[in-house]
Student: 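I'd like to ask some things about the structure below.
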Amino acid sequence: MNRALLIPFIAVSLASSAVFADTDSNTDNWSGSAELGFVSTSGNSDTNNINGRLDLTQESIQWRTNYTLSSLYSSSDSDTTAEKYSGSIQSNYKFNTEEFWYVRGSHENDRFSGYRRKSSVSTGYGNRFWQAADGSYLEASAGVGYRDFAIDRDTLNADSDRGNFVRFAGTYEKRFTKTSLFRQELTSEISTNGGNTVNESVSSLQASIIENLAMKLAYRVKYTSDVPADTDTTDTETTASVLYSF
């Protein structure tokens, strides 16, 4: 099998094992959300911006599995300025109500990042240090992984940032009321063989409009320490979308 395809294949296989374990328990609970944002302008400048995201959570007594798919597209005067597709699967084996062991796989295609693809798999320990009755919580994890960031073929001296890394992640979610919440996610992946360090922050604010519909504002900052030529080290995204929870 092509080595570039091996990472996401392993991640999906491991996560699938968790899913089958959940199915056998006959106590699965599913929840999730789907969001879509669209902005279009015309006149002196013609622009289009579309972002979408799907989050699913499958939970049983012993397992919690999160599935995420997202996309972003932007154009200006008929020229594409952003195009990105990404997905991840993370399965948590719960030792108790706070501690867990996770296996995570992710894959991303970003046309303007200087990379053909970014794939990674990681595993490690996590702890939900605090959880309130209203669903607010604070969670952190640490682990190790392997990644393959394949540099675009059109880039001079194209190669891959391939090797092991240490991963730290944290999530804080605070519910202000039954209809509004704030969420902060922080991740850091530090190469152990002299490759890239990737730091990412995602902040979001969500407020219900009616029943299961809500408005969501999100701001994302991603820093990559060593990028291909003619590529910025820091990317930012500001999105506004309508979110449906189920």
Side-chain angles (χ1 to χ4, degrees), residues 4-5 7-8 33-56 67-89 105-120 147-162 165 169 182-189 191 195-207 209 213-244:
L5 300 176
I7 293 175
S33 63
E35 60 183 270
L36 178 66
F38 176 72
V39 177
S40 179
T41 65
S42 61
N44 293 321
S45 178
D46 295 326
T47 63
N48 290 284
N49 297 279
I50 304 172
N51 67 281
R53 183 181 174 94
L54 176 65
D55 287 289
L56 294 173
Y67 309 83
T68 301
L69 293 172
S70 64
S71 65
L72 175 69
Y73 174 82
S74 180
S75 66
S76 178
D77 295 328
S78 300
D79 293 326
T80 301
T81 56
E83 185 175 3
K84 182 176 67 174
Y85 308 95
S86 62
S88 67
I89 302 174
S106 68
H107 184 79
E108 177 183 287
N109 284 341
D110 187 345
R111 180 177 168 187
F112 295 91
S113 68
Y115 295 93
R116 296 197 307 277
R117 65 178 181 277
K118 297 179 181 179
S119 300
S120 69
R147 70 185 178 201
D148 183 2
F149 287 4
I151 297 176
D152 198 299
R153 291 185 180 89
D154 295 331
T155 302
L156 187 63
N157 299 322
D159 201 351
S160 293
D161 176 8
R162 181 184 295 132
F165 64 88
F182 169 78
R183 182 181 177 92
Q184 177 65 55
E185 300 173 75
L186 296 171
T187 59
S188 181
E189 295 182 354
S191 174
N196 271 320
T197 292
V198 182
N199 299 320
E200 184 173 5
S201 168
V202 182
S203 308
S204 63
L205 186 62
Q206 179 179 321
I209 303 172
L213 281 179
M215 284 294 298
K216 180 180 176 181
L217 297 175
Y219 180 67
R220 174 180 173 270
V221 181
K222 187 173 185 178
Y223 170 78
T224 306
S225 62
D226 186 12
V227 296
D230 301 321
T231 306
D232 292 334
T233 58
T234 303
D235 290 322
T236 63
E237 295 172 10
T238 302
T239 57
S241 54
V242 176
L243 181 144
Y244 176 76

Student: Before giving the answer on side chain to side chain donor-acceptor pair (under 3.5 Å), spell out for Thr233 and Thr224 the whole-Å C-alpha distance, their side-chain angles and the decisive distance to 0.1 Å.
Tutor: CA-CA 5 Å; Thr233 58; Thr224 306; over 6 Å; no
Student: Which residue in the set Asn51, Leu243, Ile50 passes side chain to side chain contact (heavy atoms under 4.5 Å, CB included) when paired with Leu36?
Tutor: Ile50
Student: Taking the side chain as every heavy atom from C-beta outward, state whether Lys222 and Val198 have any atom pair closer than 4.5 Å.
Tutor: yes
Student: Decide whether a cation-pi geometry holds between Arg117 and Tyr115; the criteria are a distance under 6.0 Å from NZ or CZ to the six-membered ring centre and an angle within 45° of the ring axis.
Tutor: no
Student: How long is the span from the CG atom in Asn109 to the OG atom in Ser71, to the nearest 0.5 Å?
Tutor: 12.0 Å
Student: Side chains of Ser241 and Glu35: donor-acceptor distance under 3.5 Å anywhere?
Tutor: yes
Student: Under 3.5 Å, is there a donor on one side chain and an acceptor on the other for Ser120 and Ser106?
Tutor: yes
Student: Below 4.5 Å, heavy atoms only, C-beta onward: do Ser191 and Asn196 meet side chain to side chain?
Tutor: no
Student: Counting only N and O atoms by type, is there a donor-acceptor contact under 3.5 Å from the side chain of Ser225 to the main-chain atoms of Thr197?
Tutor: yes
Student: Output, in order, the C-alpha distance, side-chain angles, deciding distance and verdict of side chain to side chain contact (heavy atoms under 4.5 Å, CB included) for Leu72 and Glu237.
Tutor: CA-CA 9 Å; Leu72 175 69; Glu237 295 172 10; 3.6 Å; yes
Student: Does some side-chain heavy atom of Arg147 sit less than 4.5 Å from a side-chain heavy atom of Lys118?
Tutor: no
Student: Kindly indicate, with the supporting measurements, whether the criterion side chain to side chain contact (heavy atoms under 4.5 Å, CB included) is fulfilled by Tyr67 and Asp55.
Tutor: CA-CA 6 Å; Tyr67 309 83; Asp55 287 289; over 6 Å; no
Student: Pairing donors with acceptors under 3.5 angstrom, does anything connect the side chains of Asn49 and Ser74?
Tutor: yes
Student: Looking just at side-chain N and O atoms, do Ser76 and Thr81 make a donor-acceptor pair shorter than 3.5 Å?
Tutor: no
Student: Could you check Gln184 against Ser201 for side chain to side chain contact (heavy atoms under 4.5 Å, CB included), going step by step and ending with a plain yes or no?
Tutor: CA-CA 7 Å; Gln184 177 65 55; Ser201 168; 3.0 Å; yes
